[in-house]
Amino acid sequence: MKKKIILATVFIFLFAYNAFALSEAYKNNIYNPGELKPVDSVLKVKIGQKAPDFQLKAVSGKVVSLKDYNGKKNVVISFVPAAWTPVCSDQWPGYNIVQDMFESRDAVLLGITVDNIPTLYSWTNQMGKLWFDVLSDFWPHGAVAKKFGVLRSDGVAERALFVIDKKGIIRYIDVHDINRRPPLETIVRELEKVEPLGGALGSRK
């Protein structure tokens, strides 16, 4: 029953959703980069491989390491290209409606961009409260995105999702069309596959 409620919420959100980037909340501060090359990178990791560890500073001020979650939590990493852009400003607030699903799957979400902390602080404050940590991959510039193979040639990250289990193993990869928001139901579906280990498929869309 809980699964049905979560999925119903997601589908309602998909059909009734008004873009946050077009709302009054942003007061015309969103920069539109136009249509970009859908994918502009080469993956350096694959499903079934241990995810590369990293340590990044969060907007909250704390330092987050991937290894801190080993044996404790499943992790979803959401790389997005840049603050103050339309699709990114739509994507992350959308994850607020599936917070319960993450908690029920013993999972955390980590949002990563190559922007610096002051930029992310301003952007996320304007966006509204997010339940997950937002991390800065600013310096060395894009180092974590580069480890995963999702750093684009213009220096921003791809719009990419990685599902990593409690053993630190990559279970799902989606390097998405940078111009499009990944469907919320994809994360719901892939997290449901995490336990027991095995069988998740990745994609480059």
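Sequential numbering from 1 along the given sequence is applied to the chain's residues.
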[X] side chain near [Y] side chain, heavy-atom distance below 4.5 Å:
X	Y	answer
Leu43	Val175	yes
Tyr69	Val64	yes
Ile178	Pro81	yes
Val45	Pro52	yes
Leu191	Val163	yes
Phe102	Val76	yes

Nearest-0.5 Å distance that lies between atom [atom1] in [X] and atom [atom2] in [Y]:
X	Y	atom1	atom2	result
Phe79	Ser41	CZ	OG	10.5 Å
Asn125	Met127	CG	CE	10.0 Å
Arg159	Leu36	CZ	CG	9.0 Å
Leu130	Tyr95	CG	OH	11.5 Å
Asp177	Lys37	CG	NZ	12.0 Å
Tyr121	Gln126	OH	CD	12.0 Å

Can [Y] be reached from [X] by stepping across I, L, V, M, F, W or Y side chains whose heavy atoms are under 4.5 Å apart?
X	Y	answer
Leu151	Ile170	no
Val114	Leu56	no
Ile77	Val63	no
Val156	Phe54	no
Ile112	Ile164	yes

With side chain to side chain contact (heavy atoms under 4.5 Å, CB included) as the test, would you mind laying out the steps for Leu109 and Ile187 before giving the verdict? CA-CA 11 Å; Leu109 175 63; Ile187 296 181; 5.5 Å; no
Could you list the residues that satisfy side chain to side chain donor-acceptor pair (under 3.5 Å) with [X], not counting sequence neighbours?
X	result
Asn96	none
Ser78	Gln91, Trp92
Gln49	none
Ser122	none

Please give me the minimum heavy-atom distance between [X] and [Y], naming the atom from each residue.
X	Y	answer
Ala160	Val150	CB-CG1, 4.0 Å
Asp174	Pro182	OD2-CB, 4.3 Å
Ala145	Ala157	CB-CB, 4.2 Å
Gly34	Asn179	O-OD1, 3.8 Å

Does anything in residues 126-152 pair up under salt bridge (Lys or Arg N to Asp or Glu O under 4.0 Å), and if so which pairs, sequence neighbours excluded? Lys62-Asp133, Arg152-Glu158
Judged by atom type as modelled, is there a donor-acceptor pair below 3.5 Å linking the side chain of [X] to the main-chain atoms of [Y]?
X	Y	answer
Thr119	Asp115	no
Asp165	Ile169	yes
His176	Leu161	no

Glu35 bridged to Arg180 by N-O distance under 4.0 Å: yes
Does a salt bridge link Glu190 with Lys193, judged by any charged N lying under 4.0 Å from a carboxylate O? yes
Would you say the ring centers of Phe162 and Phe148 fall short of 6.0 Å from each other? yes
In terms of the angle between their ring planes, are Trp84 and Trp123 parallel, tilted or perpendicular, with boundaries placed at 30° and 60°? tilted
Enclosure of Lys67 NZ (heavy-atom neighbours >12, cutoff 6.0 Å): no
Under a single-linkage rule joining Ile, Leu, Val, Met, Phe, Trp and Tyr whose side-chain heavy atoms are separated by less than 4.5 Å, which residues share a cluster with Trp139? Phe138
Test side chain to side chain contact (heavy atoms under 4.5 Å, CB included) on Ser136 and Lys57; report intermediate values, then the result. CA-CA 6 Å; Ser136 171; Lys57 189 173 182 180; 5.5 Å; no
Among Asn70, Asn74, Asp106, which residue meets the side chain to side chain donor-acceptor pair (under 3.5 Å) test with Lys166? Asp106
Between Ser153 and Asp40, do the side chains contain a donor N or O and an acceptor N or O under 3.5 Å apart? yes
